[in-house]
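Read the structure below first, then the notes.
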Amino acid sequence: MATPTSAAQRVAALREQLHDYSHRYYVLDDPTVPDVEYDRLFAELAALEQDYPELQSPDSPTARVGGAPLSAFESAEHLVPMLSLDNVFDEEQLQEFFQRINKRLDSDEPRQVVCEPKLDGVALSLLYEDGVMVRAATRGDGRTGENVTANARTIGSVPLKLLGSGWPAQLEVRGEVYMPRAGFDALNEDARARGDKPYVNPRNAAAGALRQLDSRITAARPLELCCYSAALHEAEAPWQSHSESLECLRSWGFRVNPEIAVVTGAPACLEYYKQLLNKRDTLPYDIDGIVYKIDSLALQERLGFVSRAPRWAIAHKFPAQEEMTVLEAVEFQVGRTGAVTPVARLKPVFVGGVTVSNATLHNFDEIERLDARIGDTVIIRRAGDVIPQVVQVVKDRRPADAVRIAPPATCPVCDSEVLRLEDEAVARCTGGLVCAAQRKESIKHFASRRAMDIEGLGDKLVEQLVDQELIQTPADLYGLTAETLAGLERMAEKSANNLVAALEKSKQTTLPRFLFALGIREVGETTAQNLALHFRDLDKLMAADEASLLAVRDVGAIVAGHVLAFFHSEDNCAVVAALIRQGVRWPALPESDAAAQPLAGETWVLTGNLETMSRAEAKEKLQALGARVAGSVSAKTDSVVAGPGAGSKLAKAEKLGIKVIDEAAFNQMLGSL
Ligand code: IVH
């Protein structure tokens, strides 16, 4: 039976629409429709392809989802060989690179250079024929790699079909497949929770994901592709420079790194290097250096290659994010909720741009998985603004006298028993408020900016106060006098007076802040807000049973259990009573149900600087009116408050056609509600 034209037309239209939506979502980070709309069109397309199998095609958006697993990868010969890069490690070597170029070209004219972040992932080569992705291959030995087409298809930022026009009949696009840090951290968190071995770094995780024989596994991993070159086989290039080729790639639907810049001369390259090195920790993915490429293709041709590397490009490496050092000792830190965390004390080592002498070992399962012993040589990773981690033990460097690490039976601070519940990865000190470490941490939390916001009460001060037994609980803070405080180390009379004033000021708070400040396990700001809005009154919350707690938005059995346990403790109730006796208070929340709140169900985003109030205050006000306050703009955002200096969030809101108001209009709205 012939396929009806209407079905074929609908399939073509759906594909075009879905290609466009996924390009906006995965490549431009700028979705235009909510996910449900995408899902609806996708389901319609999948149903049509099932009804009319003759319409199925490898460039259909439905072809991204994994098919049957392979038994082995086939090999794939690259049309144009994949080269590698020479490295330089300092300024002098970089100057030498430019001198070599000048000598070969017989002129010291400053050159136009493309500066690109060197992403730390795996190289991938995508072959397009008549605009359709027909093959994806790993680098292999540079001539022949492995055919990983099914896996590459699952990556959202790999275009299955080129957009726009003007593409050559045959095109090999090269880029780096990488795993953003957030995705990597989530993947490892899952692995740890399941008792699996975590990945050492995002590059290994990306390489592992790309080499899965079962593409459904690849599909479940957070991979992205950024492209850095276009290669043509026996065809005239439609561009004269590398930067023009990148522009073409962008217009055909590839993600090209937004940090890429074209500069002139060696000093500007160095400036770019320094700027990106400064920015390194804030980027959402790992980079291990900068690649400089002479922009002009004519010059590239004159310069040519030495063995496998071009003379017209060089990688300028950043300080390594992984280093080896010696595990000298393991200490145990006790957190606010009693969690005992093993901390590695290391022989100091320079890694990721700083000297590191401590690293986290997460928990005892992790120590076992790593089989770490004192005296071992270990690999430390420090990437982004996070605590350095021990990621691997170098077993063949283990000294004969390496010492096994045993979990402590008792708390290193208060000597109470340390227990580990069956379903928990962490061991906890059972000392509760008896434990000075837990007391210190809970008082620090109580005083913190998002909790009671006690200005001038820093961590060191809390530690002194607890160590000198001047305070036991948060409530004792309000009994401190300027005289007592002035007697402490690094406290002058003036700062003592200021702290007493700050303590007094903090007494006037809000119920959500107060609940958050109590430090109930798993009760973060949002849960505290939900509990406050639901019960409106502290006594009602304290008397609530499990069923009524479970009725609160986003509260499940675990959180309900922690709230119940907290208020069942006589010690905790005594602290709450003492705080109120000391004068901690909050305005009553009006009796009305959530649905009657003027902004109930709305999602708001704050961006830019506000002048009449802080962001935290604006957030509180919105939440009190029933709104959710989100950190980023999406199709689900209802309104955006934009102050001066607003950048990408504002631009995105405008693109998506979301209502944007300035601070004056925001204040007016608050006044009118
Ligand atoms: S260009 C002829 N550009 O680094 C030039 N490579 O050591 C060939 N890489 O295998 C590569 N970011 O996997 C180039 N912006 C970038 C890159 C980059 C990461 C990787 C790539 C390559 C390796 C070379």
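Note that ligands are numbered from 1 as they come in the structure, with each ligand's atoms numbered from 1 the same way. The structure displayed is predicted, hence computed values, not measured ones.
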Q) How far is atom 8 (C) of ligand 1 from its nearest protein heavy atom, and which residue and atom name does that atom have? A) Leu83 O, 3.8 Å
Q: Evaluate the side-chain proximity of Leu119 to Val177: yes if any heavy-atom separation is below 4.5 Å, no if none is.
A: no
Q: Sequence neighbours left out, what pairs pass salt bridge (charged side-chain N to carboxylate O under 4.0 Å, His left out) with at least one residue falling in residues 192-212?
A: Asp120-Arg203, Glu146-Arg211, Arg192-Glu366, Arg194-Asp196
Q: Provide, to 0.1 Å, the distance between atom 19 (C) of ligand 1 and the closest protein heavy atom, together with that atom's residue and name.
A: Leu119 O, 3.3 Å
Q | Enclosure of Gln240 CD (heavy-atom neighbours >12, cutoff 6.0 Å) | A | no
**Q.** For Pro117, the ligand 1 atoms whose distance to one of its heavy atoms is below 4.0 Å
**A.** 12 (N), 15 (N)
Q | atom 20 (C) of ligand 1: the protein heavy-atom neighbour that sits closest, reported with distance to 0.1 Å | A | Glu176 OE1, 3.4 Å
Q: Specify the protein heavy atom at minimum distance from atom 22 (C) of ligand 1: its residue, its atom name, and the distance to 0.1 Å.
A: Tyr228 OH, 3.9 Å
Q. For the residue pair Tyr292 and Phe98, does the interplanar ring angle fall in the parallel (under 30°), tilted (30 to 60°) or perpendicular (over 60°) class?
A. tilted
Q: With heavy atoms of Ala123 as the reference, note each atom of ligand 1 found under 4.0 Å away.
A: 10 (O), 13 (O)
Q) Minimum heavy-atom separation for Leu105 to Arg111, with atom names? A) CD1-CZ, 3.6 Å
Considering only distance and modelled atom types, tabulate donor-acceptor pairs under 3.5 Å from the side chains of residues 257-266, sequence neighbours left out.
residue: Asn257; atom: OD1; partner: Glu259; partner atom: N; Å: 2.8
residue: Asn257; atom: ND2; partner: Tyr285; partner atom: OH; Å: 3.1
residue: Glu259; atom: OE1; partner: Lys279; partner atom: NZ; Å: 2.9
residue: Glu259; atom: OE2; partner: Lys279; partner atom: NZ; Å: 3.3

Q: Pick whichever of Lys293, Glu259, Lys118, Arg139 has a heavy atom sitting closest to atom 3 (N) of ligand 1.
A: Lys293
Q.
Show the atoms of ligand 1 that are less than 4.0 angstrom away from any heavy atom in Pro310.
A. 2 (C)
Q. Which of the atoms of ligand 1 are close to Glu116, meaning less than 4.0 Å from one of its heavy atoms?
A. 3 (N), 15 (N), 16 (C)
**Q.** Pairing of Glu49 and Arg15 as salt bridge, 4.0 angstrom limit
**A.** yes
Q) Which heavy atom of the protein is the closest neighbour of atom 5 (C) of ligand 1, given with residue, atom name and distance? A) Leu85 CD2, 3.7 Å
